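In what follows, a structure is listed as structure tokens, so that the remarks can point back to it.
Any value given below was found using the heavy atoms of this structure, including those in side chains, with hydrogens, waters and symmetry copies removed. For clarity, every value in this text was computed on a predicted model and none was experimentally measured. Sequence lines set the chain letters: A, B, ... in the order given, protein chains first and strands last, and positions in each chain run from 1.
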2 protein chains.
Amino acid sequence: MATKQIKRSARDKLLDAALKIIRAKGYSATRVEEICAEAGVTKGAFFHHFRNKEDWGVAAAQHWSGMTGALFEGAPYHRHDDPFDRLIGYVEFRKAIIEGDVEEFTCLVGTMTQEIYGSHPELREACAASIFGHAATLVPDIEAAMAARGLEPGWTAASLAAHTQAVLQGAFILAKATGDRDTARDSVDHLRRYIELLFAADSKAEPTG
Amino acid sequence: MATKQIKRSARDKLLDAALKIIRAKGYSATRVEEICAEAGVTKGAFFHHFRNKEDWGVAAAQHWSGMTGALFEGAPYHRHDDPFDRLIGYVEFRKAIIEGDVEEFTCLVGTMTQEIYGSHPELREACAASIFGHAATLVPDIEAAMAARGLEPGWTAASLAAHTQAVLQGAFILAKATGDRDTARDSVDHLRRYIELLFAADSKAEPTG
DNA sequence: CGCAACATACCAACCGGTCGGTTTGTCTGT
DNA sequence: ACAGACAAACCGACCGGTTGGTATGTTGCG
């Protein structure tokens with residue numbers, strides 16, 4: 001199933017190069033010759049596989065969704081019996097993979113969204129699908145945890161799931177600003193604390209209407 | 001002190017253009033001729049006032065700091081007597097100014113940081129100073145609120161202040177992805193609820209070590 | 001006058017995209 | 001087993017518009 005061919009095609013190499021370069025310097029500043037050099041192929045190969053640069057960007061976003069999807073699907077936090085534990089496990093897993101250089105742990109589609117949301121609708125759509133598709137995987141566990149505690153709060157499971165992604169995206173920006181992983185990890189700690197407080201305040205009245 | 005000249009100089013116009021264009025399409029994709037057109041000046045004026053594009057970007061970040069600094073300094077939430085109320089007031093103010101098109105309420109320096117953190121150190125420094133300089137204005141109120149409730153938690157005032165900025169930056173990304181203001185406002189609601197829960201759980205033991 | 005604030009004209013490098021050609025693999029008939 | 005046909009994968013020179021930056025005026029104000 002996995003890595004069925006030893007010889008990676010030019011397309012695959014160009015997509016892997018996308019992850020590295022876009023996360024390091026953004027979509028707009030990335031030149032296609034630079035992509036080709038990183039991938040070790042020529043410009044001809046690039047335009048054989050992709051109609052244009054945006055087409056490559058869309059494919060990169062989909063490639064990213066596939067890779068991250070597999071990563072989270074195989075992550076250990078799913079083993080917990082309690083849905084709340086799985087949710088906390090997810091957050092801790094997100095914290096744990098904040099490792100190495102900034103361009104290694106930041107989010108491809110979040111970075112792209114910033115630059116292209118107004119000028120490349122197709123690409124924006126692909127990025128949005130990646131972010132919210134991932135957020136949707138959290139919803140069942142959140143709903144189950146809510147039901148288990150009999151919570152009927154002023155927020156929805158989908159909204160909390162989206163919020164986790166907002167915190168992570170924002171944490172990445174701060175880490176880029178400081179150049180320090182710990183800046184991002186601190187925000188993930190706050191996110192974990194928030195979720196714990198949300199589900200601890202089970203029978204109490206909500207402070208916010 | 002403020003707006004001492006009716007005739008805005010080319011420099012001011014170029015800086016105002018920066019806010020509009022960079023927020024709409026990012027730093028890299030913004031062309032200097034486009035900046036000049038938006039500002040209604042010529043390229044000669046641009047390179048008279050700025051050594052190069054990056055120099056202009058740094059000035060834009062500082063201009064942004066000055067503008068937002070004045071905005072928040074004059075905001076009504078400072079009138080509250082209680083520091084906790086001021087903190088909540090700040091969050092609500094941030095929610096209230098999420099209005100109009102996406103490029104009108106998103107953050108200039110957050111957008112820039114994403115693209116240039118690895119390639120333009122001076123610009124990154126200016127953006128980081130803007131973000132964390134703003135976060136620092138929240139620290140006294142957070143500390144006062146902590147002291148008033150006798151909180152000695154596992155988190156610091158500076159860390160919570162930084163987290164507020166992370167949530168806001170992340171909320172902006174999600175709003176760019178969906179094209180909908182409400183996506184951002186939802187995360188600000190979660191942020192408010194988190195702060196309320198933090199300060200409500202005064203005498204209780206922290207769930208997170 | 002003299003200097004700063006602008007305008008105009010221009011350039012060399014760059015960059016996305018094209019195009020004709022070559023290599024590599026696969027399918028088919030014998 | 002093998003040659004021929006065909007297509008997809010890939011190459012790299014080339015093009016034309018664009019872009020950051022410069023060189024050289026011109027204007028206006030103290």
To the nearest Å, how far apart are A:L14 CG and D:dC11 P?
10 Å
Please lay out, stage by stage, how B:D182 and B:R185 fare under the test salt bridge (Lys or Arg N to Asp or Glu O under 4.0 Å).
CA-CA 5 Å; B:D182 288 330; B:R185 293 200 189 108; 2.6 Å; yes
What's the NE2-P distance between B:H48 and C:dC6, to the nearest Å?
7 Å
Can the ring centroids of A:Y194 and A:H163 be said to lie less than 6.0 angstrom from one another?
yes
Members of residues 28-36 of chain A that approach DNA chain C, where some heavy atom sits under 4.0 Å away:
A:T30, A:R31, A:V32
Using the side-chain heavy atoms of A:A45, tell me which of these nucleotides is nearest: C:dT8, D:dC14, D:dC10.
D:dC10
B:K53 NZ to D:dT19 P: how many Å, rounded?
10 Å
Thinking salt bridges, do B:E115 and B:R124 make one under a 4.0 Å N-O criterion?
no
Going by an N to O cut-off under 4.0 Å, is there a salt bridge joining B:R23 and B:E104?
no
Return the value, rounded to whole Å, for the distance between atom CZ of B:F46 and atom P of C:dT8.
18 Å
Answer with yes or no whether A:K43 presents, from its side chain, a donor or acceptor under 3.5 Å of a partner atom in the base of C:dG17.
yes
Is the shortest side-chain N to carboxylate O distance from B:E103 to B:K176 below 4.0 Å?
no
To the nearest Å, give me how far apart OH (A:Y27) and P (C:dG16) are.
9 Å
Using atom NZ of A:K13 as one end and atom C1' of D:dC10 as the other, report the distance to the nearest whole Å.
10 Å
Closest approach of B:A171 to B:S187 (non-hydrogen atoms, all atoms of both residues)
CB-CB, 3.9 Å
Round to the nearest Å and state the distance from A:E54 atom CD to C:dC15 atom P.
19 Å
Whole angstrom is fine here: how far is it from CG in B:D55 over to C1' in D:dG20?
14 Å
Please pick, from D:dA9, C:dC6, C:dA7, the nucleotide with the shortest atom-to-atom distance to any side-chain atom of B:H49.
C:dC6
Does the structure place the NZ or CZ of A:K53 under 6.0 Å from the centre of the six-membered ring of A:Y27, at an angle of no more than 45° from the ring's axis?
yes
Can you tell which of C:dA5, D:dT22, D:dG12 lies closest to the side chain of B:F47?
D:dT22
